[in-house]
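Note sheet for the following structure.
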Amino acid sequence: MSYFEIKNLRVTHRSFAGVKTVLDIEHLSIEKGETYGLVGESGQGKTVLALTIQKLLRCPPGRVESGEVLLDGVDLLKLSQKQMQRTVRGSRIAMIFQDPMSCLNPVFTVGTIMTDVIKARHKGLSKAEISARAVELLEEVKLADAGSVMVKYPHQLSGGQRQRVIIALALACGAEFLIADEPTRNLDVTIQASILKLLKELQQKHGMTVLFIANNLSLVSAFCDRVGILYGGKILEENTAAALVEHPREDYTKVLIEAVRADAREAEEIASDEVLLKVDHLKKYFDINDDLRRLKHLTLKAVDDVSFQLKKGEVLGIVGESGCGKSTLVNTILNLFEPTEGKVYFEGEDVFDSARKGSNAFKKNVQIVFQDPYWSLNPRWLIKDIVAEPIDVYEKLGEAERLKRVEALLEMVGIPADACYKYPHEFSGGQRQRIAIARSLASNPKLVVLDEPTSSIDVFSQAQILELIKDLRKRFQLTNILISHDLGVVHELANQIAIMYLGKIVEFGPAEQIFSHPRHPYTKALFDSIPTLTTRGMEDLKTLEGQIPSPINPPPGCAFHQRCPYACERCSRETPQPMDLGGGHSVSCLRAGELEEALQK
């Protein structure tokens with residue numbers, strides 16, 4: 001008998017539409033100490049399975065019709081909720097959720113959250129011992145300055161830091177079976193790689209068994225020993241990670257593999273010399289107070305002297321780790337933040353000067369699609385009113401004409417016209433993103449900003465959204481700014497790339513040139529952190545060590561020198577200036593010339 005087994009499990013969901021079978025798993029087994037990957041697109045039952053294992057499934061509308069879930073020979077489905085809480089949840093099974101912000105109480109500090117769990121699981125410890133254990137666990141998950149993290153609230157941490165706190169909480173429980181539900185989904189590429197390596201190290205150190213849930217096969221093939229493909233609630237195919245990627249049997253598995261082969265697709269070239277957007281020495285500094293250390297009027301340099309041009313029809317991909325200034329740069333360009341210094345010109349007009357004069361021309365011509373379509377669509381509004389909002393602002397149409405325009409926009413993005421009288425919660429993530437795109441096109445803009453447009457949706461929906469964006473670009477001759485931590489998405493859509501680090505652009509140029517010949521060590525580190533279908537085990541996955549320095553107190557010289565494997569003594573003294581490499585390619589690195597050959601390896 002295996003350490004963990006599922007036999008003949010059938011779970012249904014009741015709704016007004018009838019009874020739907022959500023899970024129908026004949027057999028699934030995981031050996032002790034093994035890492036098992038469960039892969040499938042959204043809606044296939046992955047999270048339902050994780051909740052069913054812990055008896056956390058909401059019943060009704062869910063219902064476990066039959067089957068066994070065996071942990072070390074004990075059928076968990078036969079245990080009462082009290083028995084599960086006392087002897088299984090936390091102590092034997094722990095779960096890392098997809099969104100750490102949703103499971104960390106925002107009104108408590110990290111220290112309070114950690115110590116509450118330790119007190120509940122380890123009776124008899126003194127207050128000092130509990131605090132020491134909490135700090136020890138935070139250090140074990142490689143959180144720098146664990147003492148400082150203890151007094152912070154969840155919103156004061158980055159996404160990667162919050163995910164490490166969740167992992168520390170799982171360790172605090174002493175669990176032997178860990179369920180990781182897409183734990184790296186919303187993290188940037190370098191943090192994603194470091195979280196995966198951390199999980200593997202902790203698994204080996206503590207002898208844990210891991211069920212790793214994901215929709216991306218490249219992550220699973222790098223991290224897991226065996227992989228199961230979940231489709232329609234059934235285990236469609238199962239094999240070792242290497243064998244499944246190299247010799248898939250089922251058509252669905254082949255489609256999943258094809259969906260992550262982004263390296264085979266490249267963005268189309270655009271031939272236009274007309275400059276649509278010009279950013280000239282833009283700076284955005286924030287005056288902040290550090291209440292923890294009782295320091296006032298500190299300067300946070302979120303965007304620090306950024307310049308570039310964007311031609312009509314181009315797609316500029318802005319890439320960098322969380323906290324590097326990508327979103328602040330775009331928000332300042334859009335005049336959502338008042339700039340500290342610098343100018344932005346749109347079609348030759350000064351954007352900031354026009355806004356002061358009360359002109360709406362820039363707002364009408366520039367729209368944005370936000371990262372999470374669920375939160376950017378008003379849940380109380382019908383779809384017809386959400387999509388028509390820009391029309392109501394910039395045009396005066398009668399109700400019939402307005403509705404006809406909305407229906408045309410929805411059909412253009414692949415949403416049926418009868419969706420007009422539905423609410424956002426009635427749609428999948430991919431459909432909501434299509435609705436958000438339809439809204440962005442309602443004012444007939446010339447520039448559309450795409451802020452992580454595929455990060456909240458599965459790989460299938462992602463591929464469809466990317467095809468839609470490319471089709472709409474051709475149809476409306478759109479220009480785009482794309483913010484993304486998914487370099488596969490950037491490779492497919494962008495003609496130009498800006499690599500940002502600590503508020504500055506460290507490399508800029510044609511996408512294909514940068515992807516094939518990166519000239520900055522940071523750019524190379526970003527590319528090396530991406531797991532692919534050929535990545536076999538964590539030892540093949542390279543990570544960028546260390547945290548991004550504080551933009552309040554940046555290091556002297558090159559901002560990247562503390563994390564750079566090629567840094568020399570000069571890098572800690574001199575600030576690099578942009579070096580023109582020809583063909584529109586520039587890099588800010590003191591050793592760019594001598595490192596050219598080393599960075600191609």
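Note that the coordinates shown come from a computational prediction; the quantities given were computed from them, not determined experimentally.
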In the structure I gave you, are the side-chain heavy atoms of [X] and [Y] within less than 4.5 Å of one another anywhere?
{"X": "Ser376", "Y": "Arg439", "value": "yes"}
{"X": "Pro60", "Y": "Arg63", "value": "no"}
{"X": "Val48", "Y": "Leu57", "value": "yes"}
{"X": "Leu76", "Y": "Ile93", "value": "yes"}
{"X": "Ile235", "Y": "Glu26", "value": "no"}
{"X": "Leu178", "Y": "Leu199", "value": "yes"}
{"X": "Asp451", "Y": "Val369", "value": "no"}
{"X": "Arg86", "Y": "Lys82", "value": "yes"}

Practice task
Compute whether any side-chain donor of one residue and acceptor of the other, for Thr209 and Glu34, lie under 3.5 angstrom apart.
Solution key: no
Sidechain-backbone polar pair: [X] side chain, [Y] backbone, donor-acceptor under 3.5 Å:
{"X": "Thr115", "Y": "Thr112", "value": "yes"}
{"X": "Lys46", "Y": "Gly40", "value": "yes"}
{"X": "Gln203", "Y": "Gly33", "value": "yes"}
{"X": "Ser2", "Y": "Glu5", "value": "no"}
{"X": "Asn105", "Y": "Val107", "value": "yes"}
{"X": "Arg434", "Y": "Ile415", "value": "no"}
{"X": "Gln204", "Y": "Glu201", "value": "no"}
{"X": "Gln433", "Y": "Pro453", "value": "yes"}
{"X": "Arg89", "Y": "Lys55", "value": "yes"}
{"X": "Glu492", "Y": "Leu466", "value": "no"}

Rounded to the nearest 0.5 Å, what separates atom [atom1] in [X] from atom [atom2] in [Y]?
{"X": "Thr87", "Y": "Gln85", "atom1": "OG1", "atom2": "CD", "value": "9.5 Å"}
{"X": "Ile53", "Y": "Leu71", "atom1": "CD1", "atom2": "CG", "value": "9.5 Å"}
{"X": "Leu9", "Y": "Leu49", "atom1": "CG", "atom2": "CG", "value": "7.0 Å"}
{"X": "Leu169", "Y": "Leu137", "atom1": "CG", "atom2": "CG", "value": "8.5 Å"}
{"X": "Leu38", "Y": "Leu211", "atom1": "CG", "atom2": "CG", "value": "6.0 Å"}

Exercise for the section: Determine, using ring centers only, whether Phe108 and Tyr153 are less than 6.0 Å apart. Expected result: no
Exercise for the section: Would you please indicate yes or no on a ring centroid separation below 6.0 angstrom for Tyr36 and Phe212? Expected result: no
Exercise for the section: Please report the C-alpha distance between Met500 and Val319 in whole Å, then the side-chain angles of each, then the deciding distance to 0.1 Å, and finally whether the side-chain contact (heavy atoms from CB on, under 4.5 Å) criterion is met. Expected result: CA-CA 6 Å; Met500 284 194 73; Val319 178; over 6 Å; no
Practice task
Using a strict cut-off of less than 4.0 Å between a Lys/Arg side-chain nitrogen and an Asp/Glu carboxylate oxygen, indicate whether Glu140 and Lys205 qualify as a salt bridge.
Solution key: yes
Problem - Ion pair check, Glu68 and Arg10, cut-off under 4.0 Å - result: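 The answer is no: the pair does not qualify as a salt bridge.
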Exercise for the section: In sequence, state the C-alpha distance, the side-chain angles, and the governing distance for Thr35 and Lys200, and then conclude on side-chain hydrogen bond (donor to acceptor under 3.5 Å, both in side chains). Expected result: CA-CA 9 Å; Thr35 307; Lys200 182 59 75 174; 3.2 Å; yes
Might you point out which heavy atoms bring [X] and [Y] nearest each other, and give the distance in Å?
{"X": "Glu452", "Y": "Ser484", "answer": "OE1-CA, 3.4 Å"}
{"X": "Gly90", "Y": "Cys173", "answer": "O-CB, 2.8 Å"}
{"X": "Thr109", "Y": "Val151", "answer": "CG2-O, 3.8 Å"}
{"X": "Gln83", "Y": "Ser80", "answer": "OE1-N, 2.9 Å"}
{"X": "Gly317", "Y": "Val490", "answer": "CA-CG1, 4.3 Å"}
{"X": "Ser440", "Y": "Ile368", "answer": "CB-O, 4.3 Å"}

Handout entry: Evaluation steps, side-chain contact (heavy atoms from CB on, under 4.5 Å), between Met114 and Leu138
Key = CA-CA 9 Å; Met114 289 289 299; Leu138 292 176; 4.3 Å; yes
Practice task
Could you check whether the rings of Tyr3 and Phe177 sit parallel, tilted or perpendicular, using 30° and 60° as the cut-offs?
Solution key: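 Tyr3 and Phe177: perpendicular rings.
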Exercise for the section: In sequence, state the C-alpha distance, the side-chain angles, and the governing distance for Lys20 and Glu65, and then conclude on salt bridge (Lys or Arg N to Asp or Glu O under 4.0 Å). Expected result: CA-CA 12 Å; Lys20 178 185 177 183; Glu65 301 287 355; over 6 Å; no
Practice task
Give a yes or no on this: more than 12 heavy atoms of other residues, nucleotides or ligands lie within 6.0 Å of atom OH of Tyr252.
Solution key: yes
Exercise for the section: Run the numbers on Ile6 and Phe4 for side-chain contact (heavy atoms from CB on, under 4.5 Å), then give the verdict. Expected result: CA-CA 7 Å; Ile6 292 175; Phe4 177 81; 3.8 Å; yes
Practice task
Just do the side-chain contact (heavy atoms from CB on, under 4.5 Å) check on Lys119 and Leu125 with the steps written out, would you?
Solution key: CA-CA 7 Å; Lys119 272 191 288 188; Leu125 294 180; over 6 Å; no
Exercise for the section: Output, in order, the C-alpha distance, side-chain angles, deciding distance and verdict of salt bridge (Lys or Arg N to Asp or Glu O under 4.0 Å) for Asp72 and Arg92. Expected result: CA-CA 10 Å; Asp72 238 356; Arg92 299 197 69 188; 3.3 Å; yes
